[in-house]
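Have a look at the structure below before the remarks.
These values consider heavy atoms only, across backbone and side chains, with no hydrogens, waters or symmetry-generated copies.
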Amino acid sequence: TPDNFVKDIDGGIDRDIFDINEDLGLDLFEGDIRLDGVQVR
Amino acid sequence: NSIIGENYRWPHTIPYVLEDSLEINAKGVILNAFERYRLKTCIDFKPWTGEANYISVIKGSGCWSSVGNRHVGRQELSIGANCDRIATVQHEFLHALGFWHEQSRSDRDDYVSIVWDRIQSGREHNFNTYSDQLSDSLNVPYDYTSVMHYSKTAFQNGTEPTIVTRISDFEDVIGQRMDFSDYDLLKLNRLYNCSSSLSFMDSCNFELENVCGMIQSSGDSADWQRVSQIPSGPDSDHSNMGQCEGSGFFMHFNSSSVNVGATAVLESRVLYPKRGFQCLQFYVYNSGSESDQLNIYIREYSADSVNSSLTLVEEIKGIPSGNWQLYYVTLKVTNKFRVVFEGRRGSGASLGGLSIDDINLSETQCPHHVWHIRNFTQFIESPNATLYSPPFYSSKGYAFQIHLDLSQLTNVGIYFHLISGANDDQLQWPCPWQQATMTLLDQNPDIRQRMSNQRSITTDPFMTTDNGNYFWDRPSKVGEVALFPNGTEFRRNRGYGTSAFITHERLKSRDFIKGNDVFILLTVEDISHLNSTQVQPIPSMPTTASVEDLCSQIRCENDGICAVRDDKAECRCQAGEDWWYMGERCEKRGSTRDTIVIAASSTAAVFAAMLIVTLVSVYCTKKKYRKRTSSKTEAVTLENKNVY
């Protein structure tokens, strides 16, 4: 079978949680923590 | 490290909702993550039934969570696109349970060094630490292997690491996303005072002389013996693989010393099921006759606990000889029981017998198939190594094959292929909503300490390829020709998976490769039911009888109506355009005119009061100044007299 006969869901890149969030333009606290209003204040 | 404060804790059973926005693959992965919590911790999950606080898992933008129970009612946790990995879900739920990232511990600088000039501008705050007044590390050492640790490339502005471990051996260990580490579990179990888990039942590696409370039967011809090696094999146990001198034991049935048909029976201690379904797994080594067999029975006790019934569950025959084999046996026991291992001498010559080791029993689902790859190191040492599994059938009848790509420099890839099979005429095409879960087994003797690497994919019947075909259509229609090792021709569809399953470095760590054997566990199951909305709880309505009982105790006036709210009777009062009744029994009347009058008279009263205060102040001040002026005039006159 051809070498490229696969569909790679990760597109050849091993992305961690923080890479995914950064690529989406999120600026979450410590990369993946959502703060509530009290914590933001 | 955990956030300090009991108010941030969830109950041990956390209510959840899987929102419709989630991708179907993500829903299945989340449910698998819940099973890991149930096996290794005392945290359980249940669908929300109206509790005050619950976790709503959504497909938001990215993967994120709040830290701890925020008591906001509906607390969101996002598993967005590309976040549908089991360890990512475990990581986010650990945040929800009250954990920060590992490198934000107050003592982190003793263990890692942060390279500040390699961090993206504006992201330096992500490397702050918490003081030990805010966070508690629960008396557990710093954990490089934590699933909550940043990787060395976190928030880097170039290609150099932002985090450098002070012990260089852990340089590439940090950032693992396989499973909970031992210390992750220790901290979680300490924080929530766990003493047991829902799913774990027993684990035995036979290292202790009490053999985990297992007992020898008296109604058989021979006994199982606890040994460390057998001349005809195995030469070591499976737990330690002979690496520990003076230890490393397993149980052996010497079939060479008994007649054909003779048996040796070993029974587990009494076990008490909670969930009603179990998975028994163990390793077997055959150094006896080809026809020696291992039978698995269940001795189940009735309600009176005196009588028991013995049921044959599995006959394991034709056990390959020469190395340890892994077996899974599915059980469905609901009453207290024992597991019974019966070794039976078969016909033919025997120079040894049957050996068993590393038994684990848990109330989880067994994998559907196991791909045993022998002599694995020869593949990772050879370039361009690509392995295809034997063909398997899913529970629905779809034939499939797994493809392991070892040819890349850094990462190992894994892909799921549908192939042509015997049932294709009767199956639905394109293949709809079958989730394939592929697990690289970490062969630690104790199931609770395994950090197996798992990925899942789900077939989407609407997915198309560039040439307009359905990706998951029948292999005979869209597949390519391929050959089995025996020369049989079949059709293989395009593979669907990931090039980043695990790094080569991690693959060689832990017990992924043990005795030169690798096991990949496979489950393919129908998850189409996850496409539907999770049933939402209906608020409990009081019955007619209970309404009448409560309302008989209260009398509403002025045509007010009694209603029950939160199990309390209250009066709903009449109201018009500019008037209303109020009070507990609608006894008082109010109107807009009254409100205007009250407002106007209040304003007038305040004005009058302030006017009086002003007038009095002016009067007093004037009086004061008048006195001062007259005393100054006298002084001047006196001065003048003095001069003259």
*asked:* Between B:Asn493 and chain A, with a heavy-atom cut-off of 4.5 Å, which part of the residue counts as in contact: side chain, backbone, both or neither?
replied: backbone
*Considering only NZ, NE, NH1 and NH2 on the basic side and carboxylate oxygens on the acidic side, decide whether A:Arg15 and A:Asp10 come within less than 4.0 Å.*
no
_Aromatic ring pairing A:Phe18/B:Tyr150, orientation class (parallel under 30°, perpendicular over 60°, tilted between)_ = perpendicular
*Can you tell which part of B:Leu483 gets under 4.5 Å to a heavy atom of chain A, answering side chain, backbone, both or neither?*
neither
*Take atom CG of B:Asn467 as the centre, draw a 6.0 Å sphere, and report whether it contains more than 12 heavy atoms from other residues, nucleotides or ligands.*
yes
*Check for a donor-acceptor pair, side chain of B:Asp184 on one end and backbone N or O of B:Val147 on the other, with a separation under 3.5 Å.*
yes
_Please classify the contact between B:Tyr415 and chain A as side chain, backbone, both or neither, with a heavy-atom cut-off of under 4.5 Å._
side chain
*Do other residues, nucleotides or ligands put more than 12 heavy atoms under 6.0 Å from the OH atom of B:Tyr470?*
no
*Between B:Asn25 (side chain) and B:Ser456 (backbone), is there a donor-acceptor pair under 3.5 Å?*
yes
_Student check: side-chain heavy atoms of B:Thr498 and B:Ile414 closer than 4.5 Å_ = yes
*Which bit of A:Ile33 comes within less than 4.5 Å of chain B, counting heavy atoms only: side chain, backbone, both or neither?*
both
*Does any heavy atom of chain A fall under 4.5 Å from the side chain of B:Phe155, the backbone, both, or neither of them?*
side chain
_chain A contact residues among residues 66-78 of chain B, heavy-atom distance under 4.5 Å_ = B:Ser66, B:Val67, B:Arg70, B:Glu76
*Without swapping roles, check the side chain of B:Arg123 against the backbone of B:Ala154 for a donor-acceptor pair under 3.5 Å.*
no
*Establish, from distance only, whether the side-chain atoms of B:Asn411 and B:Ser499 form a donor-acceptor pair under 3.5 Å.*
no
*Which atoms of B:Phe471 come close to chain A, meaning under 4.5 Å heavy atom to heavy atom: side chain ones, backbone ones, both, or neither?*
side chain
_To the closest 0.5 Å, what do you measure between CE (B:Met178) and CG (B:Asn453)?_
6.5 Å
_Under 4.5 Å from any heavy atom of chain A - which part of B:Ser104_ = side chain
*Using non-hydrogen atoms only, which part of B:Gln408 is less than 4.5 Å away from chain A: side chain, backbone, both, or neither?*
neither
*Looking only at heavy atoms, which of residues 81-91 of chain B get nearer than 4.5 Å to chain A?*
B:Ala81, B:Asn82, B:Cys83, B:Arg85, B:Thr88, B:His91
*In sequence, state the C-alpha distance, the side-chain angles, and the governing distance for B:His149 and B:Gln103, and then conclude on side-chain contact (heavy atoms from CB on, under 4.5 Å).*
CA-CA 6 Å; B:His149 204 299; B:Gln103 75 290 325; 3.6 Å; yes
*Any luck finding a side-chain donor-acceptor pair between A:Asp32 and B:His101 under 3.5 Å?*
yes
